[in-house]
Enquirer: 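First the structure, which I've put down as structure tokens, then a few questions once you've had a look.
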Amino acid sequence: MEYNFREAEKKWQAYWAKNKTFKPEEKSTKPKYYVLDMFPYPSGAGLHVGHPLGYIASDIFARYKRLKGFNVLHPMGYDSFGLPAEQYAIQTGQHPEITTKTNIARYREQLDKIGFSFDWDREVRTSNPDYYKWTQWIFIQLFNSWYNPETNKAENISTLIPKLKGFDKLSEKEQSDLLLEHRLAYLSDTMVNWCPQLGTVLANEEVKDGVSERGGYPVERKLMKQWSLRITAYADRLLNDLDGIDWTESIKEAQRNWIGKSEGTSLKFKIENSTSEIEVFTTRPDTVFGVSFVTLAPEHELVSQITTATQKTAVEEYITFAKNRSERERMADVKKITGVFTGAFVIHPFTGKQIPIWLGDYVLAGYGTGAVMAVPGHDSRDYAFAKHFDLPIIEVVAGGDLSKESYDAKEGKLINSDFLNGLEVKDAVKKAIAKIEEQGLGKGKTNFRLRDAIFGRQRYWGEPIPVYYENGIPKVLDEKEIPLLLPEVDKYLPTETGEPPLARASSSWRKDGKHEYEYSTMPGWAGSSWYFLRYMDAQNEKEFVSKDAVNYWQNVDLYIGGAEHATGHLLYVRFWTKFLNDLGLIPVTEPAKKLINQGMIQGVSKYVSIASFLLEIHTDENGDTHPLFQNFLVNPDYPSELCVHKYSVPIPIDLVKEENGKFYFYSDAIEEYTKVDVLSNWSILTKDIFLEENKENFKVNKGNIEYSNFFENKVEVLPVVEKMSKSKRNVVTPDTIVEQQGADCLRLYEMFLGPLEQSKPWNTSGISGVSNFIRKLWRLYHNGETLNISNDAATKPELKALHKTIKKISYDIENFSFNTSVSNFMICVNELTDLKCNKREILEPLAIIIAPYAPHIAEELWEKLGHTTSISYATFPELNESYLVESAFSYPVSFNGKTRFFQEYDLSLTKEQIEKEVLTLEQTQKYLEGKTPKKIIVVHNKIVNIVI
RNA sequence: GCGGAUGUGGCGUAAUUGGCAGCCGCGCCAGACUUAGGAUCUGGUGCCGAAAGGCGUGGGGGUUCGAGUCCCUUCAUCCGCACCA
């Protein structure tokens, strides 16, 4: 009887659901283990084959831990607030909640079919009021807290008030404003990334190369009143605690860079003929004698005050120029040096010399003080600026060649530097800081690159911020008043006056019927910043998580997800965890002990080339002319000079046919394509069309066109490996494989593809090997139609095959090397098949070790073996090393490192005995060619090497 | 520019961590069976060579009895950050 995976998989999925097999024990004496996946955003394209890669790995680990006697928490949920559902709502008018529910239903169906061991009773959806009530609750706690630098943790704002002198005498508004400067959730005027097309502000990590990460729309800098979270208060702890967690070095490094701690000193420069001073921040106070100018950001507040009359026009022009240069341009031409002299000077604090003040847009207004002391000799940016404007370059650290480039290294002896002369850089830094502090010119200081996190989004589909305004003063709702539900609106667009969509809610959407609520909603990362806690106690209506639950589950033991969340989600969730810990609400300071980043499974998009031709120039009744184009599908090598415009678009991969390693799009698929893209109006450019009928209209006439440039009914398409996405039309869902080869096959195959962390394009060419393996495994337990199991004692080779596998699989799982375990299962089954093994003593443990990988077939075999309970809670077989012990070893005998032949020796032989034995061999004499060996190396159980 | 990762047969990959390079699978070749199937089974398959043998882990150099593995150097590809003073 062949294994019927369709029946078996359905049966066991139903069994697990009915028996709540994967519900962790409530009051358990077992050790706990918490395995978490980054929950998905339920997109309209459905789950693609990349999602399950991480889920399968974590599921294997969770199932393995159960077999090892752990009480395992392995939940799943949905990050269900977000932009795509809202964009869809804007286009169709359909409430995002409906879209979201439909998408979730599809995800759930797909997930269920893969046989994950999730405890679905703990499912969370960030867009559910039961859930976002507690997201709002945490926001309220943030609002009510400040960061006390003395205790180095967050405290209730009430502990701050006594420290604020004259607080009582202030008006209510003044009190509110003052407290907002300290609250961890605060409202302020902030420079934000404003995206006009999306109608919202974006966080820094949502902006890539000056355009929005989602959609690629331009982003501009704008001053807006915004809610922010004071993550910078935690900068130092977020940085230091990285050392204590087992995360990949690349993620930790990305977070370190993002936090960007730099230690240095502030230093004041007196402005000549003025009482004002310019304060700069520098990490190289040792180079203070190398300062030859000072550069201010164009936005610096002192600019208008110090600019001299003669420079006024030039400076104003420059400021206008700098302002209008969009962020994107500034990033695009980093190399372009721009600046202007203000006409003013500062006095060097040590030498008393006159130093010019310049403006330059290489200085960022938002970092440090927005001013730098320029040391062109030892800072490459200052060097470039100095060279460009012909400013003096002074060498103060020996070791470089300043005629070629600046010498930025922090090594060498100080020169031309008065009291620092002769010191090494490290010592000079210390001495310079001491001197600066002594003379009251500044003091040692630490700066961070990390900015506070802007927390408001001018969008509909997010958690409402639980704030209302009374006489212009922002106040948070009482705990009893949440959840503050999302109101109904007529459209999901900003109002005509530019207010966020929530402003469209009816006028009854008011606190106590009169006070306006905040119209911004929370960003996408709000709900995901604490969801790992909610799973511990998902149904709790009284608290975000109970003390009992969090004291038991603590934090995530193994977290698997994509590396793209390095500086977003993974930083915010650490921040919230530390905050909740400060408040004494949870016992842990980090969300996850271990983090693994699964690689991305890329799609292979297929791009078809399109040539645009000018058909005619149409003149309308007003006399305006409009060019009329016609587009034709052409081969990729079609010369672009033979058309007005040539471009390529991705087409659905299932409309492409492969022939001899090349890909083609046939004309009979065009109709199918127009269903996906109604705007397309293509036909394939054929010789006839080109040469005969429309030749004149194409406005090209380049003489003889090779016929090979044209095909009658197909064009070649080019494959491109890139991220799977709906817009690239390259999404492959796991559904087909589950349908055709089964969930176990998908699970094994995704693991078999290669190391978990590695990215690779999806390719099913090897799947038949895995499918064959599953059938072979089944046959091992069967003799033709019937189950064939013997209770006889296993033989030594059988035991060896099994225990070798137990050893390897345990090692592999614990090292997250899932690909190698699949090969080892294959090796084991091959060996046992060759041995014709049908012993219960072997086949029972084999079913258990394979169960985490292929749970359906394992359950089915387990049941056939006579068991009445799920294999999920069987005991992982104990390794017995004695079965692996060999008595002899076949030594490779090599000469000068080249293996020539093999010779078996008993392992009890000493090195000396082997050495003696080897020399007596006929073969040895042959390779020695009569020479005497210089040296013989015998490594026990490894190798014999004879050096001639 | 800085940081991270990767480079091994036709392809996906493996190598007990310094000890026989290429396990397992795909593909390919040959054969068996056959109700001719994209089924199943058996054998072969790094490259050059008829063979003996030689060459081989991106390139170059080094350490070592011995290097895919360690060190130096260089190239290529991918990802992240990017004027952070």
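Computed from heavy atoms alone, side chains included, the values below leave out hydrogens, waters and symmetry copies. Naming: A, B, ... by sequence-line order, numbering from 1 per chain.
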Enquirer: In terms of the nearest nucleotide of RNA chain B, which residue is placed more toward the 5' end: A:P755 or A:K942?
Expert: A:P755
Enquirer: Strictly by Watson-Crick or wobble contacts shorter than 3.5 Å, is anything paired with B:G22, and which nucleotide is it?
Expert: none
Enquirer: What about the rings of A:H940 and A:F889, do their centers lie closer together than 6.0 Å?
Expert: no
Enquirer: Nearest to the A:F281 side chain among B:A85, B:C20, B:G54, which nucleotide is it?
Expert: B:A85
Enquirer: Which word best sums up how the rings of A:W762 and A:Y749 line up, parallel for under 30°, tilted for 30 to 60°, or perpendicular for over 60°?
Expert: perpendicular
Enquirer: Do A:E249 and A:R256 meet the salt-bridge criterion of a basic N to acidic O distance under 4.0 Å?
Expert: yes
Enquirer: How is A:E249 classified with respect to the nucleic acid when contacts are heavy atoms under 4.0 Å: base, sugar-phosphate, or nothing?
Expert: nothing
Enquirer: Of the candidate nucleotides B:G4, B:G19, B:C26, which contains the atom at the shortest distance from the side chain of A:S765?
Expert: B:C26
Enquirer: Under 30°, 30 to 60°, or over 60°: which ring-plane class applies to A:F385 and A:Y362, parallel, tilted or perpendicular?
Expert: tilted
Enquirer: Between A:Y891 and B:C20, is there a contact of a side-chain N or O with OP1 or OP2 at under 4.0 Å?
Expert: no
Enquirer: Under 4.0 angstrom, heavy atoms only, what part of the nucleic acid is A:V939 near: base, sugar-phosphate, or nothing?
Expert: base
Enquirer: Which nucleotide in the set B:A82, B:C24, B:A85 lies at the smallest distance from any side-chain heavy atom of A:W258?
Expert: B:A82
Enquirer: Whether the A:D379 and A:S406 side chains hold a donor-acceptor pair (N or O, under 3.5 Å, no angle test) is what I'd like checked.
Expert: no
Enquirer: What is the distance, to the nearest angstrom, from the NZ atom on A:K935 to the P atom on B:U64?
Expert: 10 Å
Enquirer: Write down the distance separating the P atoms in B:A30 and B:C47, rounded off to the nearest Å.
Expert: 16 Å
Enquirer: Using a 4.0 Å heavy-atom cut-off, does A:S768 contact any base of the nucleic acid, only the sugar-phosphate backbone, or nothing at all?
Expert: sugar-phosphate
Enquirer: Nearest whole Å is fine: how far is B:G3 P from A:R449 CZ?
Expert: 15 Å
Enquirer: Please measure how far the C1' atom in B:U6 lies from the corresponding atom in B:G12, and state the result in whole Å.
Expert: 15 Å
Enquirer: Between A:I251 and A:N819, which is nearer to the 5' end of RNA chain B once each is assigned its nearest nucleotide?
Expert: A:I251
Enquirer: Looking at B:G31, which nucleotide sits across from it as a Watson-Crick or G-U wobble partner, both distances under 3.5 angstrom, or is there none?
Expert: B:C41
Enquirer: In the strands shown, is B:A52 matched to any nucleotide by a Watson-Crick or G-U wobble pair with both distances under 3.5 Å, and which?
Expert: none
Enquirer: For B:G68, give the paired nucleotide (Watson-Crick: N1-N3 plus N6-O4 or O6-N4; G-U: N1-O2 and O6-N3; both under 3.5 Å), or none.
Expert: none
Enquirer: Answer yes or no: side-chain N or O of A:N257 and base N or O of B:C81 forming a donor-acceptor pair under 3.5 Å.
Expert: no
Enquirer: A:T820 has a side chain; which of B:C20, B:A85, B:A14 sits nearest to it?
Expert: B:A14
Enquirer: Expressed as a whole number of angstroms, how long is the span from A:N772:CG to B:G25:C1'?
Expert: 10 Å
Enquirer: Please tell me which of the listed nucleotides, B:A85, B:C65, B:C83, lies nearest to the side chain of A:S262?
Expert: B:A85
Enquirer: Could you work out which one of B:A85, B:C24, B:C20 sits closest to the side chain of A:N830?
Expert: B:C24
Enquirer: Please report the interatomic distance OG1(A:T342) to CZ(A:F293), rounded to the nearest 0.5 Å.
Expert: 12.5 Å
Enquirer: How close or far is atom P of B:A14 from atom CZ of A:F818, stated in whole angstroms?
Expert: 14 Å
Enquirer: Atom CD1 of A:I259 and atom C1' of B:C2: how far apart are they, to the nearest Å?
Expert: 17 Å
Enquirer: Counting only Watson-Crick pairs (N1-N3 plus N6-O4 or O6-N4) and G-U wobbles (N1-O2, O6-N3), all under 3.5 Å, who is the partner of B:A76?
Expert: B:U6
Enquirer: Between B:G12, B:U40, B:A85, which one does the side chain of A:R775 approach most closely?
Expert: B:U40
Enquirer: Determine the contact category for A:F448: base if any of its heavy atoms lies under 4.0 Å from a base atom, sugar-phosphate if only primed atoms, P, OP1 or OP2 are that close, otherwise nothing.
Expert: nothing
Enquirer: Tell me if B:G9 is syn or anti. Syn = glycosidic torsion within 90° of 0, anti otherwise.
Expert: syn
Enquirer: Work out how far the C1' atom of B:G25 is from that of B:C20, and round it to whole angstrom.
Expert: 22 Å
Enquirer: Please determine, by modelled atom types, if A:N945 and A:K935 share a side-chain donor-acceptor pair under 3.5 angstrom.
Expert: no
Enquirer: If you only use heavy atoms from C-beta on, which nucleotide in B:C83, B:C20, B:C24 is closest to the side chain of A:I943?
Expert: B:C20
Enquirer: Within the structure shown, what part of the strands sits under 4.0 Å from A:N763 by heavy-atom distance: base, sugar-phosphate, or nothing?
Expert: nothing
Enquirer: Please report the distance separating the P of B:C24 from the corresponding atom of B:A14, rounded so that it comes out in whole Å.
Expert: 14 Å
Enquirer: Could you state the atom-to-atom distance from CD of A:Q741 to P of B:C26 in whole Å?
Expert: 13 Å
Enquirer: Between B:A85, B:A21, B:C24, which nucleotide has the shortest distance from any of its atoms to the side chain of A:I827?
Expert: B:C24
Enquirer: How long is the line joining CD1 of A:I774 and C1' of B:G25, in whole Å?
Expert: 13 Å
Enquirer: Could you check whether A:I937 gets within reach of a base, just the sugar-phosphate, or nothing at all, counting any heavy atom under 4.0 Å?
Expert: base
Enquirer: Of all the nucleotides listed (B:G54, B:C81, B:A85), which has the minimum atom distance to the side chain of A:R900?
Expert: B:G54
Enquirer: Determine the contact category for A:D382: base if any of its heavy atoms lies under 4.0 Å from a base atom, sugar-phosphate if only primed atoms, P, OP1 or OP2 are that close, otherwise nothing.
Expert: nothing
Enquirer: It should be established whether A:R256 places a side-chain nitrogen or oxygen under 4.0 Å from OP1 or OP2 of nucleotide B:C81.
Expert: no
Enquirer: With sugar-phosphate meaning primed atoms plus P, OP1 and OP2, does A:N447 contact a base, only sugar-phosphate, or nothing at under 4.0 Å between heavy atoms?
Expert: nothing
Enquirer: For the pair made of CZ in A:R451 and C1' in B:C81, what is the distance, rounded to whole Å?
Expert: 15 Å
Enquirer: Can you tell me how the ring of A:F389 sits relative to the ring of A:W358, calling it parallel under 30°, perpendicular over 60° and tilted otherwise?
Expert: tilted
